[in-house]
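First the proteins, then the strands, lettered A, B, ... as listed; each starts at 1.
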Amino acid sequence: MIILLGPTGVGKTTLSISVANHFRTEIISCDSRQLFSEMTIGTAVPDDELLYAVPHHFIRSHSILDTYNAAQFEIDVLGVLEQLFTKHPVVVMTGGSMLYIDAVCKGIDDLPDIDPKLRATLTERLKHFGINHMRAELKLLDPVYYHEVDLQNPVRILHALEICYTTGKTFSSQRTKTVKERNFRIVKIGLNRDRTELYNRINQRVDEMMAAGLEQEAGSLYGSRHLNTMNTVGYRELFDYFDGNCTLKEAVEKIKANTRKYARKQLTWFRKDPEIHWFHPDQKKEIFELIAQ
RNA sequence: GGUGCCAUAGCUCAGUUGGUAGAGCAACGGACUGAAAAUCCGUGUGUCCCUAGUUCGAUUCUUGGUGGCACCA
């Protein structure tokens with residue numbers, strides 16, 4: 001499997017089409033937001049033309065009403081891959097969702113699904129009693145993880161508690177972090193470009209999204225704004241505008257800034273992965289040479 | 001032309017009763033195995049507009065410039 005990864009806006013889509021065409025194969029999208037059919041403009045889903053040129057998987061395949069996560073993605077992708085490998089010797093995966101990439105490449109621990117009610121209860125408790133209370137609870141239920149976890153991060157604390165309550169066992173005892181073996185080879189190709197160049201592309205793309213009707217798309221999703229998946233760059237800033245918290249211009253600037261921030265965060269994550277071979281998106285020749293090996 | 005106000009980090013501004021300065025945003029770095037476009041953490045030297053003066057010492061006070069804004073002619 002060839003994985004094309006890199007920060008948002010770097011130019012993964014264009015290259016993925018060339019690579020997929022070259023191998024006459026199909027593309028698995030690894031994007032935690034393009035997954036949802038309701039979000040198209042704001043998540044920079046490729047044009048229909050490109051989607052028809054090469055078969056794509058995991059694009060607009062789910063609804064924001066579905067709960068989805070990296071573990072489910074691992075299962076689903078492995079299933080699709082099994083099918084694809086019967087027809088194609090090479091499959092292309094492309095996207096920038098870091099955790100989802102790792103889930104496919106290394107696997108994710110086997111943990112039970114969390115009852116949304118439990119999550120709601122714990123979130124409510126956090127709001128009422130404060131983070132110290134939740135920390136104390138975790139210290140009691142899973143002292144090992146208590147000493148490992150970022151105690152400032154409520155999401156981490158709550159998730160550990162969810163697992164403890166759901167399984168009756170400590171979270172730490174189930175966190176094996178073992179890397180699963182895959183029966184296919186993985187080549188990771190990282191795409192990056194000059195920072196100002198990347199930022200210019202991002203800023204420009206946001207303007208294009210607005211011209212393409214992002215405001216309307218966000219407006220149609222305003223009623224769903226409390227869903228987890230709607231906590232997404234490009235939408236939450238416009239929800240703020242709809243709520244009267246800022247001007248449209250400020251919202252657009254905020255989208256640009258948050259997209260840039262997201263790109264930086266992706267680069268931070270990818271930087272520590274030694275398996276990635278880095279290229280500029282224009283180095284097509286070099287990339288194909290690497291793949292040929 | 002006159003009067004008043006302003007000039008400090010990339011931006012918006014705070015502050016120093018005279019001892020060379022700090023917030024927000026941006027930028028940069030990091031953590032992160034089931035919410036991950038999420039969540040969380042860390043990083044602030046900048047001719048304090050220029051000039052001359054007072055002073056042991058001026059970004060702070062005074063003189064004169066320059067630029068901007070407002071009001072009056």
Side-chain angles (χ1 to χ4, degrees), chain A residues 5-9 29-36 39 41-45 64 66-76 95-116 118-120 122-123 126 131 134-135 145 148-164 166-167 171-180 195-196 198-199 202-203 205-206 209 214 218 226-239 246 250 253-273:
Chain A
L5 54 84
T8 187
S29 165
C30 190
D31 190 303
S32 71
R33 291 300 189 271
Q34 289 181 4
L35 222 44
F36 299 108
M39 294 189 265
I41 299 170
T43 58
V45 167
I64 54 170
D66 303 332
T67 53
Y68 205 77
N69 56 47
Q72 191 59 48
F73 187 71
E74 177 194 358
I75 295 166
D76 294 346
S97 295
M98 304 87 82
L99 184 63
Y100 282 39
I101 295 171
D102 277 0
V104 170
C105 296
K106 303 183 197 163
I108 221 166
D109 284 333
D110 200 22
L111 293 170
D113 286 334
I114 302 302
D115 182 356
L118 174 61
R119 176 163 292 177
L122 289 173
T123 307
L126 170 68
I131 193 160
M134 307 317 280
R135 283 178 190 146
Y145 189 63
E148 291 172 3
V149 72
D150 175 2
L151 288 169
Q152 313 247 46
N153 193 331
V155 171
R156 296 275 144 71
I157 293 173
L158 287 197
H159 182 243
L161 288 173
E162 285 166 1
I163 298 296
C164 291
T166 304
T167 61
F171 179 47
S172 51
S173 68
Q174 302 170 76
R175 243 162 61 99
T176 69
K177 291 190 137 194
T178 45
V179 175
K180 290 183 195 159
R195 203 51 83 84
T196 49
L198 180 66
Y199 285 179
I202 286 172
N203 296 340
R205 194 177 66 174
V206 172
M209 285 175 179
L214 180 58
H226 295 304
L227 292 173
N228 256 331
T229 42
M230 288 319 299
N231 189 358
T232 297
V233 174
Y235 297 89
R236 56 179 197 216
E237 296 85 355
L238 285 171
F239 295 156
C246 64
E250 285 167 344
E253 284 311 304
K254 207 71 196 150
I255 292 172
K256 290 176 184 173
N258 285 335
T259 308
R260 278 180 255 134
K261 207 179 274 185
Y262 172 52
R264 245 180 277 142
K265 196 175 74 170
Q266 289 173 300
L267 287 168
T268 298
W269 180 291
F270 293 140
R271 215 172 276 143
K272 67 181 178 186
D273 185 342

Worksheet item: With rounding to whole Å, what would you report as the distance between B:G67 and B:C50 at their C1' atoms?
Response: 11 Å
Below 4.0 Å: OP1/OP2 of B:U39 and any side-chain N or O of A:Asn231
yes
When both distances are under 3.5 Å in a Watson-Crick or G-U wobble arrangement, the nucleotide paired with B:G53 is B:C61
Item to complete: Rounded to whole angstrom, note down the C1' distance from B:C11 over to B:A27.
Response: 11 Å
Given the structure, check if the side chain of A:Arg156 and the base of B:A38 hold any donor-acceptor pair shorter than 3.5 Å. yes
- [ ] Mind running side-chain contact (heavy atoms from CB on, under 4.5 Å) on A:Thr259 and A:Met209 for me, showing each step along the way?
- [x] CA-CA 13 Å; A:Thr259 308; A:Met209 285 175 179; over 6 Å; no
A:Phe270 meets the ring-ring contact (aromatic ring centres under 6.0 Å, His included) criterion, sequence neighbours left out, with none
Q) Looking at B:A27, does its base get a donor-acceptor pair with the side chain of A:Lys261 below 3.5 Å? A) no
What integer number of Å spans the P atoms of B:G4 and B:U43? 45 Å
When rounded to whole Å, the CZ to P distance for the pair A:Arg260 and B:G10 reads 17 Å
Distance test, side-chain N/O of A:Arg175 to OP1/OP2 of B:G34, below 4.0 Å:
no
Hey, is the side chain of A:Lys265 pairing donor to acceptor with the base of B:U39 inside 3.5 Å? yes
Ignoring backbone atoms, establish whether A:Arg271 has a side-chain N or O less than 4.0 Å from OP1 or OP2 of B:G29. yes
Re B:G34: Watson-Crick or G-U wobble partner, both distances kept under 3.5 Å, found to be none
Q) Do any side-chain nitrogens or oxygens of A:Arg195 fall under 4.0 Å of OP1 or OP2 in B:G29? A) yes
Q.
Give me the distance, rounded to whole Å, that separates B:U54 from B:U62 when you measure between the P atoms they each carry.
A. 16 Å
Checking B:A35, B:C40, B:G29 against the side chain of A:Gln152 (C-beta onward), the nearest is B:C40
Testing B:A35, B:G29, B:C32 for proximity to the side chain of A:Trp269, the answer is B:C32
Checking B:A35, B:A31, B:C40 against the side chain of A:Leu158 (C-beta onward), the nearest is B:A35
Quick note, A:Lys272 side chain, CB onward, closest among B:G34, B:G29, B:C32 is B:C32
Assign each of A:Ala257 and A:Arg205 the nucleotide of RNA chain B bearing its closest heavy atom; nearer the 5' end lies the nucleotide of A:Ala257
Worksheet item: Expressed in whole Å, how much space separates the P atoms belonging to B:C61 and B:A7?
Response: 10 Å
- Task: Taking A:Asp109 for its side chain and A:Thr176 for its backbone only, find out whether a donor-acceptor pair lies under 3.5 Å.
- Result: yes
- prompt: For A:Ser97, which contact category applies under a 4.0 Å heavy-atom criterion: base, sugar-phosphate, or nothing?
  reply: sugar-phosphate
Considering only the C1' atoms, how many Å lie between B:G15 and B:G29, rounded to the nearest integer? 29 Å
| request: Using only side-chain N and O atoms of A:Thr268, determine if any of them is under 4.0 Å from OP1 or OP2 of B:G29. | output: no
(request) Examine B:A26: is either OP1 or OP2 under 4.0 Å from a nitrogen or oxygen in the side chain of A:Lys254? Give yes or no. (result) yes
Test item: A:Gln266 side-chain N/O and A:Thr8 main-chain N/O as donor-acceptor pair under 3.5 Å: yes
Worksheet item: Distance between the P atoms of B:A14 and B:C28, in whole angstroms?
Response: 27 Å
Rounded to whole Å, the CD1-P distance (A:Ile108 to B:U33) equals 9 Å
Comparing nearest nucleotides in RNA chain B, the 5'-proximal residue of the pair A:Asn153, A:Tyr100 is A:Tyr100
Taking a pair to mean Watson-Crick or G-U wobble geometry with both distances below 3.5 Å, B:C71 pairs with B:G2
Here the pair of heavy atoms bringing A:Trp269 nearest to A:Asp102 is CZ2-OD2, 3.2 Å
Partner of B:C11 under the Watson-Crick or G-U wobble criteria, both distances under 3.5 Å, comes out as B:G24
Given the rule in the side-chain contact (heavy atoms from CB on, under 4.5 Å) test, do A:Asn228 and A:Arg119 qualify, once you have shown the distances and angles that lead to the verdict? CA-CA 12 Å; A:Asn228 256 331; A:Arg119 176 163 292 177; 4.1 Å; yes
- prompt: Side chains of A:Ser172 and A:Glu148: donor-acceptor distance under 3.5 Å anywhere?
  reply: no
Kindly say if A:Tyr68 contacts the phosphate of B:A38, meaning a side-chain N or O under 4.0 Å from OP1 or OP2. no
The nucleotide from B:C40, B:U39, B:G34 with an atom nearest the side chain of A:Asp150 is B:C40
*asked:* Please give the distance between the P atoms of B:C49 and B:U59 as a whole number of Å.
replied: 9 Å
Pair of N/O donor and acceptor under 3.5 Å linking B:G34 base with A:Asp109 side chain = no
Using a 4.0 Å heavy-atom cut-off, does A:Asn258 contact any base of the nucleic acid, only the sugar-phosphate backbone, or nothing at all?
nothing
- Across the strands shown, which category fits A:Tyr235 at heavy-atom distances under 4.0 angstrom: base, sugar-phosphate, nothing? nothing
Side-chain atoms of A:Lys177 come closest, of B:A35, B:U33, B:C40, to B:U33
